[in-house]
Protein chains: 2
Amino acid sequence: MQRTVKQVLYSGDELEMAKFAKALGHPVRIKILKLLESQSCCFTGEMTAMIPMAQSTISQHLKALHEAGLVQGEINPPRVKYCIDRDNWEKAKERFANFFAEKAGPSP
Amino acid sequence: MQRTVKQVLYSGDELEMAKFAKALGHPVRIKILKLLESQSCCFTGEMTAMIPMAQSTISQHLKALHEAGLVQGEINPPRVKYCIDRDNWEKAKERFANFFAEKAGPSP
DNA sequence: TCAGTTTATCGTAAATTTACGATGAATCCG
DNA sequence: CGGATTCATCGTAAATTTACGATAAACTGA
C-alpha cells in the first residue's frame, strides 16, 4: 500500500499500542475478553454457546486476540482452555494508562 | 456481512470501548494523538510536516479520530487547529482503566 | 477581484477484516 | 478400531481500511 519511498517510522511503543488497540477494536473481542476476565478461564465451547456467531468466527477472533498476545490457550483435549495472558494484560494496561495520562493542560 | 438471523447484542460499553480502541488501532493515529497531547494543539500543516504521508491521508486519519470523538477541530482560517477532546479523552481513559482493572486472580 | 494558502473530499486501487459453511486434525470413549 | 466431540483452518464473499493524487472549498491578503 506504500507507494512512495518515504516511510513513516514508528517507535516500539507506538506499534505495540496500536497492536493492542487494534485487537480491542471489535465489540466481539471486547465481549470475549470480558468473559475471560470475569471467569478467569473459559473453554471455546462456552464462548460459542454464549455468543451467537459461527464457531469458526469465534475461533478467528480468538486467534486475533492470541496474536496480539492478550490471550493464551491451553490445550486440554479435546478442548482448549483460554485465559487472559496476564503479562501482556499488565503491559497493555500500563501502555494505555501512560498514554492517557495527559501531561498537557486543558485545551486552550 | 451478517448472514444469519441471530444477532450478537453488544452493550453500550462494549461498543464504545471498541470504537475508541479501533481509533487507536493504527500507529499513525497513535503518533498524531501523542503529538496533540505533547503540544496541546496543532495545525494540520504541522502534522503533515512531521509525518511523511500524503496530506489527504493525514486528513483521513484525523477524520477517523474526530469521528471516534478523541479529537476536535477548531477552524482558524485558513487553517484548522486540532486538539484532544478532553471530555472523551477522560471517558476513554476511564473505560480502558476499568477494562484492564482485573477482578479475577491470576490464570490457573 | 484574484492569487495564494490550507484543509477536506473525491475517486481509486490494493490490502485487510469479518463473516460464513465445510473440512480437517486431534483426542477421547465405547 | 470406529464414532463422537472439540477446535482450527480453508475457501470464499462482501465490507472496510488505508494509501495516493487530484480537485474542490473556504478564507486571506494584496
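Reckoned from all heavy atoms, side chains included, excluding hydrogens, waters and symmetry mates. Convention: sequence-line order gives letters A, B, ...; per-chain numbering from 1.
Per the geometry, CE belonging to Met53(B) stands 11 Å off C1' belonging to dC20(D), to the nearest Å. Counting to the nearest Å, the C1' atom of dC29(C) and the CZ atom of Arg79(A) are 14 Å from each other. Between the CD atom of Glu46(A) and the C1' atom of dC7(D) there is a distance of 14 Å, rounded to whole Å. In this structure, Ile58(A) places its CD1 atom 15 Å from C1' of dG21(C), rounding to the nearest Å. Rounded to an integer number of Å, the gap from CD1 of Ile51(B) to P of dT7(C) is 13 Å. One atom, CG of Asn76(B), and another, P of dT5(C), lie 18 Å apart when rounded to the nearest Å. Rounded to whole Å, the distance from NE2 on His61(A) to C1' on dC20(C) is 11 Å. Computed from coordinates, the Leu65(B) CG to dT18(D) C1' distance equals 14 Å when rounded to whole Å.
Side-chain atoms of Asn76(B) never come within 3.5 Å of backbone atoms of Arg79(B) as a donor-acceptor pair (strictly under, hydrogens ignored). Within the 3.5 Å criterion, the main-chain N or O of Val8(B) finds no donor-acceptor partner in the side chain of Lys31(A). A donor-acceptor distance shorter than 3.5 angstrom exists from the side chain of Asn88(A) to the backbone of Gly69(A), with no hydrogens or angles considered. For the pair Glu14(B) (side chain) and Ser11(B) (backbone), a donor-acceptor distance under 3.5 Å is present.
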Protein-nucleotides 22-30 of chain D N/O pairs under 3.5 Å:
none

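Between the base of dA19(D) and the side chain of Gln60(B) there is a donor-acceptor pair shorter than 3.5 Å.
The listed nucleotides are dA8(D), dA19(D), dT18(C); the one nearest the side chain of His26(A) is dT18(C).
Trp89(A) has its ring centre less than 6.0 Å from the ring centre of Phe99(B). A distance of 6.0 Å or more separates the ring centres of Tyr82(A) and Phe43(A).
Nucleotides of DNA chain C nearest to Lys22(A) and Phe43(B) differ in position, and the one nearer the 5' end is that of Phe43(B).
For Tyr82(A) and dT6(D), the shortest distance from a side-chain N or O to OP1 or OP2 is not below 4.0 Å. Taking only side-chain nitrogens and oxygens, Thr57(B) never comes nearer than 4.0 Å to OP1 or OP2 of dA19(D).
The aromatic rings of Tyr10(A) and His26(B) lie perpendicular to each other, with more than 60° between the two planes, well past the 30° mark.
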